[in-house]
Amino acid sequence: MLPNFLKPYHTALSNLIRLGRKSDGGYVIDKRVISKTKAIITCGLEAEWSFEKQFQEYNKNCKILAFDHTVNNKFWADRFLKDFISLLLLRKIKPYQILDVFKFVQYLTFFKGKNKHYLKKIVSKKTKQNNQITITEAIGDNKNIILKVDIEGDEYKVLKEINKNFNKLNLVIIEFHELQKNLKKIKDFINQTKLRNIHINANNYGMVDNKGIPQVIEMTLINPKKFKIKKQKTTRNYPIQGLDYKNHKRGPEIKISFKK
């Protein structure tokens, strides 16, 4: 069971929509933010932008600004070699798997024009390295944004900066890693932020401890100054059928309930 402070606020199911893959890379958001969003700031990209791609199908005027210092030429060369070998060994035989071998072409097609990918690492404080950028710098002058944060444990270092940019945010999607040892940090963030948690999902790529606490969770938080949210907490347990899907299709589903 998860502690009660992680319980989302009640939101009508009719307001919720899943965008992106029905596996790792898809996220549940409040559909009211779609038409009001001018930019998505993606912190942590890897080779997955199905959420951003589908969002732009609903809002073609929204731009995507992605930041990930690891998705460089070496990344794509290594990925292609690995996938091509799998193709030759007939490990990738389904049409979507074959197309995925040529993901770099999809990358070049998507990240052009108003969509940009920057080889920058999201940090809390910059050092002398020139490939670093803070959340505030990544947001820049953009307003009415969705901030998506999946930076493999470094999310705890940027929570204060997220709060600092509250007025520019419509919605935040954030993945928390190593949950068991960072519950206090998340509790402090929840207590201090003006954002309201409206959805939670356990990423089943991570383990669950003997107390029923998952290693990795994904949360969606909305700006209640811009979008009306009730002050009462939800009575739902998670996952929500038809909205939530397993990140790892072959892994066991992680059910979430909350302490009373």
Any side-chain donor-acceptor pair under 3.5 Å between [X] and [Y]?
| X | Y | result |
| --- | --- | --- |
| Glu218 | Asn247 | yes |
| Lys63 | Asn142 | yes |
| Asn170 | Lys226 | yes |

Could you label the plane-to-plane angle of the [X] and [Y] rings as parallel, tilted or perpendicular, counting under 30° as parallel and over 60° as perpendicular?
| X | Y | answer |
| --- | --- | --- |
| Tyr107 | Phe104 | parallel |
| Phe110 | Trp49 | parallel |
| Phe67 | Tyr118 | parallel |
| Phe80 | Phe84 | parallel |

Flag if over 12 foreign heavy atoms under 6.0 Å of [atom1], [X]:
| X | atom1 | result |
| --- | --- | --- |
| Lys22 | NZ | no |
| Asp78 | CG | yes |
| Lys103 | NZ | yes |

Q. Taking C-beta and beyond as the side chain, do Lys187 and Asn191 meet within less than 4.5 Å on heavy atoms?
A.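 Lys187 vs Asn191: side chains touch.
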Q: Please examine the side chains of Pro214 and Asn203, heavy atoms only from C-beta on, and report whether any two atoms are closer than 4.5 Å.
A: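 In short, these two side chains do not touch, never coming nearer than 4.5 Å.
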When you measure from the side chain of [X] to the backbone of [Y], do you find a donor-acceptor pair of N or O atoms at a distance under 3.5 Å?
| X | Y | value |
| --- | --- | --- |
| Glu155 | Val149 | no |
| Asn59 | Cys62 | yes |
| Gln180 | Ile213 | yes |
| Lys53 | Glu48 | no |
| Asn163 | Gln192 | no |
| Glu161 | Val158 | no |
| Lys211 | Val208 | no |
| Thr234 | Pro8 | no |
| Asn197 | Leu6 | yes |

Q: For Asn131 and Leu119, run side-chain contact (heavy atoms from CB on, under 4.5 Å): C-alpha distance rounded to whole Å, both residues' side-chain angles, the deciding distance at 0.1 Å, then the answer.
A: CA-CA 7 Å; Asn131 70 332; Leu119 287 169; over 6 Å; no
Q | Where at least one partner belongs to residues 235-245, residue pairs that pass side chain to side chain donor-acceptor pair (under 3.5 Å), sequence neighbours excluded | A |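 Qualifying pairs, neighbours excluded: His199-Asp244.
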**Q.** Geometric cation-pi criterion, Arg32 with Phe227: 6.0 Å, 45°
**A.**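 That pair does not qualify as a cation-pi contact.
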Q: Applying side-chain hydrogen bond (donor to acceptor under 3.5 Å, both in side chains), name anything that partners Thr70, two or more places apart in sequence or on another chain.
A: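 For Thr70 the side-chain hydrogen bond (donor to acceptor under 3.5 Å, both in side chains) partners, ignoring immediate neighbours, are Asp68.
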Q) Distance from Lys114 atom NZ to Leu65 atom CG, nearest 0.5 Å? A)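 That separation rounds to 11.0 Å.
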